[in-house]
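All values derive from a computational prediction rather than experimental measurement.
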Amino acid sequence: MERKFNKQPKLHIKTGDTVKVLAGDDKGKSGKILSIDPTKRRAIVEGINMVTKHVKPTASNPQGGIEKREASLHISNLMLVDPKTGETTRTGRKEDEKGKLVRYSKKTGEVING
């Protein structure tokens, strides 16, 4: 009997990275990643893909009402912005001197911290 392990998929972006949107209504805009759901391969980007939510009144929010918040985007529609050059870049993985895997920019070859 073969066992399947729930291994987290490796993603090209991380929380806190600045990304540019490649497709959708917000195409061309950029923002900072607030959170990532690796199992669904979706990310929430600050100020991107804003949707209107109807919020029920609660004890902490007795008024309730309508609020705008960010909805998730599929990570295939996001591309990392290189912090040094400010341009979009693909990423790769390589070992550093200590043998640890680090992300690097395919355009410049620079290591991406974070």
Taking every non-hydrogen atom, the tightest pair across [X] and [Y]:
X: Leu80; Y: Val19; value: CA-CG1, 4.2 Å
X: Ser30; Y: Ile48; value: O-CD1, 4.2 Å
X: Thr89; Y: Lys106; value: OG1-N, 3.4 Å
X: Pro62; Y: Pro57; value: O-CB, 3.4 Å
X: Ala43; Y: Leu78; value: CB-CD1, 3.9 Å
X: Glu70; Y: Val45; value: CG-O, 3.3 Å

For this session: Would you check if the side chain of Glu46 reaches a backbone N or O of Gly31 as a donor-acceptor pair within less than 3.5 Å?
Result: no
Exercise. Looking at Asp26 and Lys29, does any basic side-chain N land under 4.0 Å from a carboxylate oxygen?
Worked result: yes
Exercise. Hey, are Glu95 and Lys100 close enough for a salt bridge, meaning a charged N less than 4.0 Å from a carboxylate O?
Worked result: no
Problem set entry | Gap between atom CD1 of Ile75 and atom CG of Leu11 - 0.5 Å precision |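 That separation rounds to 4.5 Å.
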Exercise. Quick one: CZ on Arg93 to CZ on Arg103, what's the gap to the nearest 0.5 Å?
Worked result: 7.0 Å
Exercise. More than 12 heavy atoms of other residues, nucleotides or ligands under 6.0 Å from NZ of Lys84: is that the case?
Worked result: yes
Exercise. Taking atom types as modelled, is there a side-chain donor on Asp82 or Ser105 under 3.5 Å from an acceptor on the other?
Worked result: yes
For this session: Please determine, by modelled atom types, if Asp37 and Thr39 share a side-chain donor-acceptor pair under 3.5 angstrom.
Result: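 Yes, Thr39 and Asp37 have a side-chain donor paired with an acceptor closer than 3.5 Å.
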